[in-house]
Amino acid sequence: MTFHDQAQLVKKEVAQALTQGSQAAEKCDIIAVTKYVDARTTRKLVEETGFHHLGENRVPQFLAKKEELGDLSIRWHFIGSLQRRKVKDVINQIDYFHALDSISLAREIQKRADQPIACFLQVNLSREESKHGFFLEDVDQALEEIADLDKIRLIGLMTMAPADASPSEIEDLFSRTRVLQEALAERNIPGMPFTELSMGMSSDYQLAVEQGATFVRIGSLLFE
Ligand SMILES: *Cc1c(COP(=O)(O)O)cnc(C)c1O
């Protein structure tokens, strides 16, 4: 299949999940995760599919790619965990940061960002040890500390399902994440609109869209 065909398939599935899911959002943007491919292939993908939200998770590869694709109109999402010492290299080069998973990282962003950065608070409601993200009981404390940081704009929550979870476990996790996102949005905290929900990857994006995702992050499905 070509990129065009593969993208059409994903777009169709997302559209279907948006109409079928009783908890689905009004719309859901597809982030094409291009961490697996070089700049040339990324360019081809963008030109063939019209995808303009791209996700990367490695700092040097992202920076090189962004420079090489400077003529394209792309919204860059940094989706991987970010080491504090690399914040200064990347934070003013991206449109969205999906992996805000500690207070120390938030403080470093505050120090290095030239303007407010659209961030997703990463949460780990499945409490999986190997995953990054705040546990439910730590979210309030995190918000209290981040409230003082005017360079952090918390636009939503991000989560990842455990690799070995069953569909019903994944559905439950996505549902609980949406319930938390909605509760946070209702608080109307300044600088923390919490209108977005970043969840769902190649193996579980339909479930995520049905459960309210506003961004899905899809990589391998586009490149296999
Ligand atoms: C790689 C990656 C994705 C995409 O995963 P696929 O299974 O290849 O679709 C999504 N989110 C994050 C955080 C990733 O690192």
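In listed order, ligands and their atoms are each counted from 1.
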Side-chain ion pair, Arg43 and Glu68, N-O less than 4.0 Å
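The answer is no: the pair does not qualify as a salt bridge.
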
Candidate list Lys65, Lys66, His77, test side-chain hydrogen bond (donor to acceptor under 3.5 Å, both in side chains), partner Glu56, passing option
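Option passing the side-chain hydrogen bond (donor to acceptor under 3.5 Å, both in side chains) with Glu56: Lys65.
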
For Gln115, look at atom CD and say whether over 12 heavy atoms of other residues, nucleotides or ligands are found less than 6.0 Å away.
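Not buried by this count: 12 neighbours or fewer within 6.0 Å.
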
Evaluate the ring pair (Phe, Tyr, Trp, His ring centres under 6.0 Å) criterion for residues Phe215 and Tyr96: first the C-alpha distance (whole Å), next the side-chain angles of each, then the deciding distance (0.1 Å), finally the verdict.
CA-CA 11 Å; Phe215 286 99; Tyr96 300 87; 5.5 Å; yes

Exercise answer, ligand 1 polar atom pairs (N/O) under 3.5 angstrom:
from	atom 1	to	atom 2	distance (Å)
ligand 1	7 (O)	Ser220	OG	3.4
ligand 1	8 (O)	Tyr36	OH	2.5
ligand 1	8 (O)	Ser220	N	2.8
ligand 1	8 (O)	Ser220	OG	2.9
ligand 1	9 (O)	Ser202	N	3.0
ligand 1	9 (O)	Ser202	OG	2.5
ligand 1	9 (O)	Gly219	N	2.8
ligand 1	11 (N)	Arg217	NE	2.8
ligand 1	15 (O)	Lys35	NZ	2.7

Suppose the criterion is side-chain hydrogen bond (donor to acceptor under 3.5 Å, both in side chains): which pairs have a residue in residues 198-208, not counting sequence neighbours?
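Only Glu13-Gln206, His98-Ser198, Ser198-Arg217, Ser202-Ser220 qualify under side-chain hydrogen bond (donor to acceptor under 3.5 Å, both in side chains).
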
Rounded at 0.5 Å granularity, tell me how far CG in Asn92 sits from CZ in Arg112.
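Rounded to the nearest 0.5 Å, the CG-CZ separation comes to 10.5 Å.
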
